Structure formats: structure tokens, C-alpha cells
Number of protein chains: 4
Amino acid sequence: MTQTAWNPRRLTAVAADLPEGVTPPGTRGRILQAALKLFAEYGFHGASIRDIARAVGINSATLYAHYPGKEHLLAELIRLGHEELRRRLRQAYAEAGADPTAQLAALVRAQVLVHTDYPLLALVANHELHALSPERAAPALELRDDARRLLLAALERGTAAGEFDVADVTLAGIAIGSLGMRVANWFGPDQPYTREQVADAFVDFALRLVGSPLPRG
Amino acid sequence: MTQTAWNPRRLTAVAADLPEGVTPPGTRGRILQAALKLFAEYGFHGASIRDIARAVGINSATLYAHYPGKEHLLAELIRLGHEELRRRLRQAYAEAGADPTAQLAALVRAQVLVHTDYPLLALVANHELHALSPERAAPALELRDDARRLLLAALERGTAAGEFDVADVTLAGIAIGSLGMRVANWFGPDQPYTREQVADAFVDFALRLVGSPLPRG
Amino acid sequence: MTQTAWNPRRLTAVAADLPEGVTPPGTRGRILQAALKLFAEYGFHGASIRDIARAVGINSATLYAHYPGKEHLLAELIRLGHEELRRRLRQAYAEAGADPTAQLAALVRAQVLVHTDYPLLALVANHELHALSPERAAPALELRDDARRLLLAALERGTAAGEFDVADVTLAGIAIGSLGMRVANWFGPDQPYTREQVADAFVDFALRLVGSPLPRG
Amino acid sequence: MTQTAWNPRRLTAVAADLPEGVTPPGTRGRILQAALKLFAEYGFHGASIRDIARAVGINSATLYAHYPGKEHLLAELIRLGHEELRRRLRQAYAEAGADPTAQLAALVRAQVLVHTDYPLLALVANHELHALSPERAAPALELRDDARRLLLAALERGTAAGEFDVADVTLAGIAIGSLGMRVANWFGPDQPYTREQVADAFVDFALRLVGSPLPRG
DNA sequence: AATGAATGAGTGTTCATTCAT
DNA sequence: AATGAATGAACACTCATTCAT
């Protein structure tokens, strides 16, 4: 409940709505972008198919030539959001080497950056999952678990190696995850921080949180 | 995006829905409780007035004998949620004395406990504010700012006094606030932690985060 | 369509709402007056039972302790309106003697005055009859026919006696009736005429209309 | 209150519902016609959107593909009614030449004929104006005033020229206007008069009313 | 690929009325 | 005589979706 500024679901002209290369071409892509903006601002049930069509500049019936229904739009957005998250986390994990501290830092940095780069997508992926049927939500939940396991693995290995001083790995994992998730709610061009500054700071926070002896230079 | 289990908006039989003494008597109170559960699970736009009435066991028209409209239900819930938060934070701050470390610990503990005690209320207060008209949302936003200022004041004084080692007070405040806010999303009777255990752990996290030299006894 | 001022259904503080002695005592009477005002301004379907109760200052349920239903309120008002019209017309007819010219003048004067004295009642009686079931509307229609017959009788006798020069008695009757009926729509304290001035003028108009050789002194 | 036959708002199979050329094509036009019939018979508040849709043979939701709301239907009808009246009155006035007697005769004839030709439209335009918001009602009221001014101008010039013998021009204008307005309430195919017969008779009445020395040949 | 017209189900809300108190 | 709570039906209107064109 402690937040920087208002704007319950923020929409201050975000740089990129969707990850590079995943936006479908033409009308199909513009529909997806409009759905993302409106779902982020008003929620899935608060944005109508006509609202989306109006934002795109097409008739609402035309939408059905591109997507089979409203829920598919949400499912697609959530899929894209979670896949981008997994892609970045895996890449970060892979490039971090074997050191738990480096792994943790890389994971936090990746999580923060994906939220600064695609905040709308993260918002929708996190807040609107409940509007999906269990079957459609399942893949997203698996992705989440994947991400969680990466983080916990690093925490456990670091703790075992004596690099981290953590009383309860699960709670620490939750706490670190919480730090990054909320970034989507407040970061934006109106903030006096670059994405890198936020990432640096949050990596520092995470390392301090696990009692890492080398919290930066 | 890193979360313990599924249940996008959690509903696992929470102990108390509304703070003590604030639930109106009779049907009025049952309506408010039903609205809280349904708004938390499906969102404001995803829960219909008929859903709420059905959960209470009354005709949907009867609802209007107690509340002037759907939006008033949400406004009332958000008001209750923010007022309980402020009440607890102020009391914690007042009882903490002058020491910034004690103040920070008290604020984090209070924030965590209000989220463990009334997770549904916190969820609705945080996620559904966008469904309120700006005028109705204004009081809640003021309360948020109040809470934020308390936290920042403690951080600034602690940093100035050399008790904390914080590079950027604003970012630290955001991070600590994020920790507590997410508690409403995952805490519940299905978790192997008591409310006190979570509070203790998160106070420890916050103190580590600000570089307090005395993390735990 | 040619009218003096706006106010589609006029409500400029009319002197007396209901004829002397017919207003029931206490709450019962206040309900009837409120219903009259609201039916006149918004129509039967446009004024709700709650609107009426609010105007009276009572709970809408209380209304049912005095009247068995909304339609009864309208039926009562329409009955009062038509009875007052008949009473006045009969009295005028009786006092006019045997002379057709005097009869016509008396009838027109009476019709005009009943509309200047109880314009709201006349408005409701004329415009809201369609909201009554045929059985309930029947008495009012009989009264109307009564009034029509009086007028036609005078016209026929006057024409037969050579006092009037009328090509079509039916059309003349309709025209004269139309003159008086509309008075309820425009007369009021905002007009620069007394009720007597209007009555005098309209009697003159009626006499001219039937070709009476002695229009005025 | 003096009227020919029952049928509080008459619906005896009127020849033409809407003026030539103004009925929109297709469903749009059928909706407008159905709304006209039902508003005339039951009043604006007494006819539901479902009633109208049922009369047209469409789903009530379809109506909103053609009109943005119920009030727009009424506004459109009232606009059409007043525009037809103005069109006819202006044309009559223009063709009547400079003679006040001819002008008065032309205006009365035009007013009567527009009411015999489109009685439902006149009924709705006159009786249901109160259901329109002031902004929407304003254009209709301007048109009314236009019509009133034409009539008063003729009366004043005729009186000044000595062609008419009128004690009070305003009251005479009201009376003549009242004559024509009521035509919509009683004229219909069930009456033993053609539209021309009624117009002739009412022109005669009007001329007599103003004391014109040449009441017909 | 796109549209206007159409629809059944559903939205929040108000209706006239009932009833226990 | 009066009320607050309650209700089933209806209100105007919007929903996601379909379909002929």
C-alpha cells in the first residue's frame, strides 16, 4: 500500500508495449497492443471488446477475423509475458556461471528489467490471470514455478556454500520475488531513474537481504 | 511473478475478512463481506451485483436498500482497508519511540500484519482502486501518502543518524513497501508460517535492506 | 402547437390544486396533492410511488396505508377532476335559463373557469386517462359525454331557433370544447389576465364562433 | 374535457405516420414508426424499449445499433414533428400574400392539415416534450415560438388594418392556436369529415373569431 | 479483411408492492 | 399510521459473439 504516486494501473506512455519480434504484423498486432493497454488500465472485465476495437479503429466484428475471442487475447498476452520472463531469467541464469551470488544478482537484474521494459505486460500477466480458465492459466503457472525454482536453487546453493546467511530460504525467495514484481506498478518515464539504476539498486537490496558479504563495492 | 502456489487471487478461508468492529450489523454487513470476497476473487468488474446478492442469499434489489450502488460497496471496502492500515501504522509509529531502527521495524511489522490479518481487504484496496471515480479514490490515495511519508521519515532520519546505510532513500522505501504489500497475495492458513513468523522475517529483511548493523538479536 | 411560454406541463405555483372540500384530511390529502403535482409534471408513468412519498415526506410503504395502489391515486384524481367539471357545467346550465345563447355563454364560462381554477387536475384528467384500465376510465368518459351533450344541446337548440349560424354543430362543439380545454396548459399566475378576463374573452370567442349576433354588449 | 369519442390517445389506423421522405429506410425507419405509435398511445415513460422492439419484430438490443438511446427516439420524433409544422406554416404564409385575412386563413388551414395528416406526430410533439432534457427540448420550443410569431403578426396587422375586430390579440392567438392543436386528438378515419372539410370549417371559425367581415362566401 | 445488423444473455438499477414490526 | 427490509418483475442499456455481405 506504500506507493510512490497515484495512477492505480499506470499508463504513462511506456516505451515498448510488447517484447521485440513478438508483435504480430498489421491489424493483428495493433489489436494485441490495444488489448494490452486497456486490460492494464481497466482490467479484463473492465475493458470491452468494443473499447479495444475503437482503440484500434476497427469494427468490433473485425476483431474476430484475427482472434477467436476476448479470452484468447488475454491468454496470448499472458503467454507472451510469461515467456519473455522465462527467456530472460534462463538467459541470465545461463550467463551467470556457477557462483550463487552471481546467479542471484543476474536473476534479480533480469526480473527487474523485464518489469521496467514491459510493465503493462507484467501487470496484465500478474493481475488478470484470474480471468482465465484453469486450463488456459496452467501454462503461465508452470512458467511462474520455473522462475521460482531458479531463484530458490540459487538461494539454496548459496546458503549451503556459506555465501548467504538466510534463515528461511522460502521466505527469502518470496521477498526477493516481491521486490521485482512491484516494479511494474511504479516504474515509468516519470521516475528519476533509468532502468539500469533500478536494477542495480534492487540487486543490491537482494544481496543485502540474503546477507551476502559483498554488497557491491 | 514468482509465487508460491496458484490461486491468482487467494481465497483459502481467511481468518477475518474485515477489521474488528467495523462490520455493519445484519444484512448490511453480510453484503459487505460477500462483496469483499467476490471483488477479491473476480475483481470489481468481474463480480456482478447478482453474484453478491446470491452469496448473501438475498434478492439483488434488496442490496439497494442497504447501499446506494455497486461502486459504494467498493468505496466502503477501500475506505475500511486504508483506514485500518493507517490506524496500525500510526499506532506502531507512536509506540516505537524515537529510534529510527525501532520505527522502521515497527512500521514493517505493522504493514505485514495488516496484510496477513486482512489479506482480502488489502487485495481489493490495492487492485481495484482503478474502478473508483477519482473523487472517491482521492481519500485512499491520501492515506497511502500518509503511510509512505511515515516510512520515508524513518528512513531519512535513520540514514542521517548513521544507523542506516542507504544509497537512495526513495528506492529503499519503495522496496520495503513492496515487500509488505505482496504479503496479501500469498499468505494464508495453507502456509507453514504464523503471522508473527512472517512479520519477524520481513522486519529482518527490511533491516538488512537498509544496512542496519543489528539484524536480529 | 402555438403556445405562450414553455413549461410543457406547467407548474407555476397554482392557487388551488384540488376543488374545495374534496381534499381528504391529513396525510391522505397530502398524498393526493403530491400525486397531482407529480402526475401533472412528469406523467403517470414518469412519477414513481417513491417520488410521491418523498414529496409528502413519508415512506413509500406508508402510502399503501392510505391508498391501495398507484393506479387508485390516478383514478381518484381523474374522478375528482371530472366531477368538478360536471358539477360546474350542470350548475351553469341550470342557472342559465332557457336561452341558448345564455346557455352557451354559461357553459363556456364554466369550462374556462374550471380550467383556470384547477389546471393541474384538468391536465391530469385529460392527459393521463390512457394509464387507467378501461373499467376505471369508463366513469370519466361518461362524464365527458355528459358535458359534450350539454354543449351540443345548446348549440342545436340555438341553431334551430335561429340564434346561431352554424354549418356543422358537431364541429362547432369540438371547436368550442377545444378552446376551453387548452386553458389548463397556459393559464397561470404568470399571465397578465385574471380568470374572469379569460372567461369573458373566451365566451366572446365562442359566441362569435357560432355567429351569435350579440357578441358582448 | 369535451371530446367526441373515447380512445384517450387515438390510434385508429392513421393514414401516414411520418411526413413524406423523412422516414429512414429499413429497420431504422420501422423503429421510428413503432416508437411514434407507442409513445402516442402510452406516453414516453409508458412505452418500453422492449415494447418498441417487439412491435418492430427485433431484439431490443438491435435497437441500439440504430439509435443511441430511447430519448433520442423521442427527440427525433419531436424534431420531425416541429419541422414539418414550421415548413407548412412558412409555406402557407409565403403563399398567402400580404392580406392579413388570407394569411390567417392560410395559417389555420396549414395548422389543421398538419394535425390531420400526422396526428400521432403532433400528439407526441406536444405531449411528450416534458420527457426531453431542456437542451434537447430547446429547438422544439424555438420552432413553436416561430409559429406563434407568424400567427400574431397576421393578427396584429389585420387588426391595425381594420380587417379584424380583436380586443386582445394575444388571447385571440392562443384561442386560434388551441383550435388547431386539438385536431390531432380527435380527427381520424372514423370521423365523417375529410381533412379539407375540417380545414375549411376551422378557417371559418378562426375568421369569425377575429370578427372578419367575410366569413366565407 | 472488414463491416453493419443482429442476438441472447447479462449489466446495474428502479419499479410497485408486501409484510413483520 | 408508519417503517425498513424485502421481493419479482421490469427498466434502459451493454456484453461477447455470429453472420450475411
Side-chain angles (χ1 to χ4, degrees), chain A residues 25-28 30-31 44-53 56-74, chain B residues 25-28 30-31 44-53 56-74, chain C residues 25-28 30-31 44-53 56-74, chain D residues 25-28 30-31 44-53 56-74:
Chain A
T27 304
R28 217 178 133 79
R30 283 158 56 221
I31 291 172
F44 178 74
H45 292 295
S48 81
I49 220 80
R50 277 178 172 79
D51 291 334
I52 298 169
V56 178
I58 58 171
N59 187 291
S60 69
T62 303
L63 204 145
Y64 288 86
H66 298 279
Y67 292 93
K70 190 188 179 188
E71 206 189 337
H72 285 79
L73 280 173
L74 178 59
Chain B
T27 305
R28 221 180 127 80
R30 284 158 57 220
I31 290 172
F44 179 73
H45 293 295
S48 81
I49 223 78
R50 281 174 178 80
D51 292 335
I52 298 169
V56 178
I58 57 171
N59 187 291
S60 69
T62 302
L63 204 146
Y64 289 86
H66 299 280
Y67 293 92
K70 192 188 179 189
E71 203 187 340
H72 284 77
L73 281 173
L74 178 59
Chain C
T27 304
R28 219 180 130 78
R30 282 159 57 223
I31 291 172
F44 178 74
H45 292 295
S48 80
I49 222 78
R50 277 177 173 80
D51 292 334
I52 298 169
V56 177
I58 57 172
N59 188 291
S60 69
T62 303
L63 205 146
Y64 289 86
H66 299 279
Y67 293 93
K70 190 187 179 188
E71 204 187 339
H72 285 79
L73 279 173
L74 178 60
Chain D
T27 305
R28 220 180 129 78
R30 282 158 58 220
I31 291 171
F44 178 73
H45 292 295
S48 80
I49 224 77
R50 280 175 177 79
D51 292 334
I52 298 170
V56 178
I58 57 171
N59 188 292
S60 69
T62 302
L63 204 145
Y64 289 87
H66 299 279
Y67 293 93
K70 192 188 178 187
E71 204 187 339
H72 284 78
L73 281 173
L74 178 59

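Just so it is clear, the model here is predicted, and its values are computed rather than measured. Heavy atoms only: backbone and side chains are in, while hydrogens, waters and symmetry mates are out.
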For DNA chain F, what string of dots and brackets results from 5' to 3' when Watson-Crick and G-U pairs need both distances under 3.5 Å, crossing pairs get [ ], and pairs with another strand get |? .||||||||||||||||||||
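Under the side chain to side chain donor-acceptor pair (under 3.5 Å) criterion, D:S48 pairs with D:D51, sequence neighbours left out. Looking at residues two or more places apart in sequence or on another chain, you find no side chain to side chain donor-acceptor pair (under 3.5 Å) involving B:T27.
Distance CG (C:L63) to C1' (F:dG4): 16 Å, rounded to an integer number of Å. The distance between atom NE2 of D:H72 and atom C1' of F:dA12, rounded to the nearest whole Å, is 13 Å. Atoms CZ (C:R28) and P (F:dA1) sit 10 Å apart, rounded to a whole Å. Per the geometry, CG belonging to B:L74 stands 13 Å off P belonging to E:dG12, to the nearest Å. A straight line from CD1 of D:I58 to P of E:dG4 spans 17 Å, rounded to a whole angstrom.
Checking side-chain atoms of B:Y67 against main-chain N and O of B:I31 turns up no donor-acceptor pair under 3.5 Å. Looking only at distances, no side-chain donor or acceptor of B:R50 sits under 3.5 Å from a matching main-chain atom of B:S60.
Note on B:T62: a side-chain N or O is less than 4.0 Å away from OP1 or OP2 of F:dT7. Contact annotation: D:H66 side-chain N/O to E:dG4 OP1/OP2 distance is not under 4.0 Å.
For the salt bridge (charged side-chain N to carboxylate O under 4.0 Å, His left out) condition, no pair includes a residue of residues 58-68 of chain D, sequence neighbours left out. Among residues at least two apart or in separate chains, salt bridge (charged side-chain N to carboxylate O under 4.0 Å, His left out) pairs with a member in residues 63-74 of chain C are C:E71-C:R136.
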Using a 4.0 Å cut-off on protein heavy atoms (strictly under), produce a 5'-to-3' string for nucleotides 15-21 of chain F with B for base contact, S for backbone-only sugar-phosphate contact, and - for none. BBBBB--
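Note that CD1 of C:I52 is 14.0 Å distant from CZ of C:R30, once rounded to the nearest 0.5 Å.
Using a 4.5 Å cut-off on side-chain heavy atoms (C-beta onward), B:L63 and B:L73 make contact.
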